[in-house]
*Asks:* 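Sending over a structure as structure tokens; questions will come in a sec.
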Amino acid sequence: MKAKINSKLNVNPVIQLFKNRKEGLFPKVDNPVNIQSGNKSRREMIKNLAAIPLLGTLFFGVAKKTGWPSVAENTLERITLNNNSPLMKDVSRLNEKVPKGKIGKLEISRLIPGGNLIAGFVYSRDLLWASKLVKEYFTDEKVIEILFLSEACGIDTTIMRTDAQTIRILKEYWRRGGKIQWIAQTYPKDEDFTNIKMAVDAGAVGGFAQGGNAETYLKGNRIDLLGKSIEYTRSQGLIAGTAAHIIDVPKACLSNGIKPDFFMKTFHHHNYFSAPTADREGYSWCNKPEETAAFFKNCNIPWMAYKVLAAGAIKPIDGFRYAYENGADFTCVGMFDFQIVDNAIATVDVLKSGLKRERKWYA
């Protein structure tokens, strides 16, 4: 049976939703009050696309007519940044705001929103449409809304890549009175630190070499260049670090006398459905979690753990507990707007629950 086609538009409704999407640039407003999230097009798009892995295009038509709801749609329907809005009432579910730590003199919330989703990067496994959906979802206004919502939860820091889009959005957010500070994911290349300078000039308070870049230095036997990028970042008045997907990078730094202000390292357990097993190749962003925990147990440099939810495969309360109990000082997590309040609550609950943590807090 052929999928139903919108007779008026003579195209598949999902395709038309993408075509009809308005440019996500800033409207003429000077403050975040009454910024509405999730317009009708976006909600319809999420509703339709979410059904693709299940029953295909035919199911979209049935779902659309019957009003089949989704968690994302129901949450997006409520979101606004007016102080009297349901969203701000939702924020009131927080008994306490997200706690903070310090790296040097810089105060940083224990929960830090990551920037991959905002930049359009999504680890979607074999869902081919997910990256396009994310790029359509995170308009400029949506990103600004997320930053203000994060502020309301006590989150004072974000990690985002260093590029023109990020800088443009952050400048507008700050112009409207936003207070969240930016730790920049930078892309040094050999001894070219132009990208780092770009972050410095745009107001970043910290910077680190992106994990792939750091691993390129390591593979090329030029860990000294990674050290130079860290020192350059620090010389500009920023806290300076490096990210890594493999524990060899932090190990090489210390064995070569390189001591950053912080490390970022992927970290999560393998107790989830799509994780690798002894007889099956799976998805992992931290291949050796036990080795990572053992390394940081004896390392006095602050550690930001990222990909702690394995790209959404691990429940937040579970992933946060595993990270903090095994020594992480901060967690960096990619979040949609409708996840921020719950993740903030989970962070507070975990940190107040009597953690079985052996490592000292180094931040």
Side-chain angles (χ1 to χ4, degrees), residues 31-33 35 79 81 83 87-88 90-119 138 142-162 166-167 169-186 199-200 202-208 233 236-241 243 261-264 302-306 308 316 320 323-324 328-352 361-363:
N31 58 68
V33 177
I35 297 175
I79 289 182
L81 286 178
N83 286 333
L87 178 60
M88 285 305 174
D90 198 36
V91 171
S92 70
R93 290 192 292 121
L94 268 168
N95 293 323
E96 297 180 20
K97 292 189 175 182
V98 174
K100 299 177 182 179
K102 279 188 175 181
I103 297 180
K105 296 181 180 180
L106 188 66
E107 193 171 60
I108 300 171
S109 52
R110 297 284 183 198
L111 176 63
I112 306 171
N116 271 2
L117 292 175
I118 289 170
F138 284 100
K142 174 57 65 180
V143 177
I144 287 181
E145 182 183 60
I146 284 172
L147 292 171
F148 276 111
L149 175 55
S150 298
E151 271 193 64
C153 293
I155 295 170
D156 65 2
T157 305
T158 185
I159 288 176
M160 294 174 139
R161 60 186 280 120
T162 302
T166 295
I167 292 170
I169 294 174
L170 283 172
K171 284 185 175 180
E172 176 64 14
Y173 159 72
W174 289 327
R175 186 188 73 80
R176 297 186 193 181
K179 303 299 183 183
I180 284 182
Q181 58 198 358
W182 172 38
I183 295 178
Q185 176 174 284
T186 66
V200 172
V205 297
F208 63 91
T233 302
Q236 301 301 301
L238 283 62
I239 60 168
D261 298 314
F262 64 95
F263 283 118
M264 288 194 67
W303 168 29
M304 296 181 180
Y306 69 111
V308 297
F320 296 158
Y324 288 123
D329 296 299
F330 304 91
T331 55
C332 175
V333 184
M335 295 182 278
F336 286 91
D337 45 3
F338 50 84
Q339 296 172 313
I340 292 172
V341 173
D342 286 334
N343 284 353
I345 291 172
T347 298
V348 171
D349 288 348
V350 166
L351 291 173
K352 293 191 66 178
W361 291 94
Y362 285 100

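Both backbone and side-chain heavy atoms feed into the values below; hydrogens, waters and symmetry mates do not. Bear in mind that the values here come from a model prediction, so they are computed numbers and not experimental data. Positions are given from 1 along the sequence.
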*Asks:* Can you see which heavy atom on P113 is nearest to which on T157, and at what distance?
*Replies:*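 In this case the closest contact between P113 and T157 is CD-O, 3.1 Å.
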*Asks:* Among residues at least two apart in sequence or on other chains, which ones pass side chain to side chain contact (heavy atoms under 4.5 Å, CB included) with A243?
*Replies:*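 So A243 forms a side chain to side chain contact (heavy atoms under 4.5 Å, CB included) with F208, M264, Y306.
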*Asks:* Between atom CG of L149 and atom CG of D90, what is the distance when rounded to the nearest 0.5 Å?
*Replies:*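 That separation rounds to 8.5 Å.
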*Asks:* Would you give the length of the straight line joining atom OG1 of T347 to atom CG of D342, rounded to the nearest 0.5 angstrom?
*Replies:*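 Reported value, rounded in 0.5 Å steps: 10.5 Å.
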*Asks:* Contact between C153 and V341 at the side-chain level, heavy atoms closer than 4.5 Å - yes or no?
*Replies:*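 In short, these two side chains touch, coming nearer than 4.5 Å.
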*Asks:* Which heavy atom in D329 sits nearest to a heavy atom in Y362, and how many Å separate them?
*Replies:*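 Shortest heavy-atom separation between D329 and Y362 comes out as OD1-N, 3.0 Å.
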*Asks:* Would you give the length of the straight line joining atom CD1 of I345 to atom CZ of R93, rounded to the nearest 0.5 angstrom?
*Replies:*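 Result: 4.0 Å between the selected atoms.
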*Asks:* Apply the test side-chain contact (heavy atoms from CB on, under 4.5 Å) to residues R110 and T331: give CA-CA distance (whole Å), side-chain angles for both, the deciding distance (0.1 Å), then the verdict.
*Replies:* CA-CA 6 Å; R110 297 284 183 198; T331 55; 5.9 Å; no
*Asks:* For D349 and F320, what are the C-alpha separation, side-chain angles and deciding distance, and is it a side-chain contact (heavy atoms from CB on, under 4.5 Å)?
*Replies:* CA-CA 10 Å; D349 288 348; F320 296 158; over 6 Å; no
*Asks:* Does R161 offer a backbone N or O that forms a donor-acceptor pair with the side chain of T166 under 3.5 Å?
*Replies:*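 Checking the backbone N and O of R161 against the side chain of T166, a donor-acceptor pair under 3.5 Å is found.
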*Asks:* As an exercise, state the distance from CD1 of I159 to CZ of F330, rounded to the nearest 0.5 Å.
*Replies:*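 Between I159 CD1 and F330 CZ, I get 9.5 Å after rounding to 0.5 Å.
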*Asks:* Which value, rounded to the nearest 0.5 Å, describes the distance between L170 atom CG and I144 atom CD1?
*Replies:*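 L170 atom CG to I144 atom CD1 measures 9.0 Å (nearest 0.5 Å).
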*Asks:* Keeping the roles fixed (side chain from W174, backbone from Q181), state whether a donor-acceptor pair exists under 3.5 Å.
*Replies:*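 A pair under 3.5 Å: no.
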*Asks:* When rounded to the nearest 0.5 angstrom, what distance separates CD1 in I239 from CD1 in I183?
*Replies:*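 Result: 4.0 Å between the selected atoms.
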*Asks:* May I have the list of side-chain donor-acceptor pairs in residues 94-107 shorter than 3.5 Å, sequence neighbours left out?
*Replies:*
| from | atom 1 | to | atom 2 | distance (Å) |
| --- | --- | --- | --- | --- |
| E96 | OE2 | K352 | NZ | 2.5 |

*Asks:* In chain order, what residues pass the side chain to side chain contact (heavy atoms under 4.5 Å, CB included) check against A204, with sequence neighbours excluded?
*Replies:*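 Once residues adjacent in sequence are excluded, the partners of A204 under the side chain to side chain contact (heavy atoms under 4.5 Å, CB included) criterion are W182, A184, A199, L238.
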*Asks:* Write down the atom of D156, the atom of S109, and the distance for their closest heavy-atom approach.
*Replies:*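 Shortest heavy-atom contact: OD1-N, 2.8 Å.
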*Asks:* Under the side-chain contact (heavy atoms from CB on, under 4.5 Å) rule, what do T158 and S150 come out as? Steps first, then yes or no, please.
*Replies:* CA-CA 9 Å; T158 185; S150 298; over 6 Å; no
*Asks:* Looking at M335 and F138, what are the two nearest heavy atoms and their distance?
*Replies:*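 Nearest heavy atoms, M335 then F138: O-CZ, 4.2 Å.
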